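In this text, all values refer to a predicted model and were calculated from it rather than measured experimentally. Heavy atoms only: backbone and side chains are in, while hydrogens, waters and symmetry mates are out. Letters A, B, ... are given to chains in the order of the sequence lines, protein chains preceding strands, and every chain is numbered from 1.
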Amino acid sequence: MARQRLFALVATFALVAALAVGLVACQAGRTATGDAAGVPASDELYLPEIRGEEVAVVTTAPEVPPAITRDYATRVVVNMETVEVVKELADGVEYTFWTFGGTVPGPFVRVREGDLVEFHLSNHPTSTVPHNIDLHAVTGTGGGAAVSMVVPGHSTAFEFRAIKPGLYVYHCATAPVGLHVANGMYGLILVEPKEGLPEVDKEFYVMQSEFYTAGVMGELGLQPFDLDKAVDEEPEYVVFNGRVGALTGEGAIKASVGERVRLFVGNGGPNLSSSFHVIGEIFDRVYGEGGTVANQANVQTTVVPPGGSAIVEFTLDVPGTYTLVDHALFRAFNKGAVGLLEVTGDENPAIFAGQANPLAAH
Amino acid sequence: MNRVFALTLLGALALLVGPAAAAAPPEGMVLVRGGTHRPLYRSATEPEVVTVASFYLDAHAVTNRQYLAFVRANPEWRRSRVRPLFADDGYLRHWTGDLTFDPALADAPVVYVSWFAARAYADWAGKRLPTTAEWEYAAAASETRADGRTEPGFTRRLLGWYSRPRPAVLPSVRSTYRNVWGAWDMHGLVWEWVEDFNAALVTADSRSSRAADARLFCSGASLGAADFEDYAAFLRYAYRGGLEARYTTPNLGFRLAADAR
């Protein structure tokens, strides 16, 4: 009789203990790994001490500033000027671009998670309208737009902490925003995670966008903006880096067999999503939507939303010409969404061999 | 009988001449007949349509030549003497001296003038700046209609001008188009100061001071706007929203208004 009671007691105790341990383990598991998908969930603000000051190195597409080597947060001074310029959109086709820094896309800015960014924006005196900036990396009103509007000939400054790593679009957000963006006012800012990105051999900056001209694609001369086409989301031009052929000919990006390449891909829109694909290659890793988790491997085509980005990485195994496209094909072949990556190096018949057919698309 | 006839004739003449005399605008001005106007921005408590009373408006923007007369008579508004409180350091930057400028610009609109300077000129001239409502109402007119927005292609044409780069040399007044009221270059030449340029940022219905600012940025710009496709109007309101009273810019001038009796 006593033994039975003893057994019952021990069994109950064991059961309760097991339940307790199970519950605790369950809770611990949840906080340690985030949600089931393995995406780290963090509401904590990363606000390290700021040491020193430096002026940001910015680059023009397709160049990217070098990876950040410092392991501390600093005050980064970024200087940008908005200027309206008449340039070629295609051979013989001109457009009045509204730009950051005189180029479409605007400069690539690279900072580190936790940096304090001191952003100076000026508007060139020849501008016809005021401009401002909304950086998607900013946590704060308008992404900075609320505090950065400048009329021609004036300048302003604001500050923000880059508390969230990732690859972010920035764009002008002065009313009417659609017009400012449609005229070319966008670019990318990378906030490197504090531990940095994995090392690669080559990095490039590619930004897709559309242009809505009164004349049809190819019609020569200075083309005005066409509001009806923009509202109907029917562009005449869909291009990489601000013009037809920006990434072809002398503008083609170059790498070698064996190199690991990373593309920072942005989409300025204003309207269309990009189905980004590199003909002849497969993305080994994709940081979908420009976030900080390489959330997919072995991807052929990744979607880049307007006002969004993606980071793709791949290692080159075979020499040749690789074509960057928006795989919505009529945009690639009829509106300009084509770029070239030229890869030199030894042939690799173990991976790819065959007789080239001059009629095949490539 | 003769006296009655004479009096009747006088009366008839008075009736004919009277109104005409009353309606004759001051020299250099045109009469903008009153009507209704839909402001691009308004708060929830403001009316959708406002009434604009008849008023006189300068036929063209104030020119460099005209402004020269003002600074001759008012030395405190000369470039070397103007108080920084009333104008930033771009004041009359395009002039070569206190009282000199390139003769080619004599009849071009004066630019690089602040709101304070424009108002001082208005006081001196015995007039005033137009309100936003008056300016927008007058500017809505095409060559043939009081409301150009009902004319196909008019808003698109305006947007075409606002999309072009600034010319290297500012053209003279009366070089673009004359609208139905007789006012020249309401679009196509320079931006123009109005009396209440910062009214777009003032709302009668704001629980947060940011509510008004939000209108001019990103999606906020489309909330509550009367006409999503009047992009040129968005551009003007955005421009005004970025200004401060002492600012001067290379493409901002002004013209004057006066009450119509």
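- Shortest non-hydrogen contact noted between B:Tyr239 and A:Thr128 is CE1-O, 3.4 Å.
- Interface remark: A:Ser127 contributes backbone atoms only to the contact with chain B (heavy atom separation under 4.5 Å).
- Closest approach of B:Asp88 to A:His154, counting heavy atoms only: OD2-CE1, 2.9 Å.
- Annotation: side chain of B:Tyr247 is not in contact with side chain of A:Pro152 (no heavy-atom distance under 4.5 Å).
- In terms of non-hydrogen atom pairs under 4.5 Å with chain B, the most contact-rich of A:Val85, A:Val150, A:Thr156, A:Thr126 is A:Thr126.
- At a 4.5 Å heavy-atom cutoff, the contact between A:Val86 and chain B is made by side-chain atoms alone.
- Closest of all the heavy-atom pairs between A:Ala175 and B:Ala238 is O-CB, 3.4 Å.
- The neighbour count for A:Glu289 CD, taken as heavy atoms of other residues, nucleotides or ligands under 6.0 Å away, does not exceed 12.
- The neighbour count for B:Arg83 CZ, taken as heavy atoms of other residues, nucleotides or ligands under 6.0 Å away, does not exceed 12.
- When all heavy atoms are compared, the tightest approach of A:Pro125 to B:Pro250 is O-CG, 3.0 Å.
- Annotation: side chain of B:Leu235 is in contact with side chain of A:His180 (closest heavy-atom distance under 4.5 Å).
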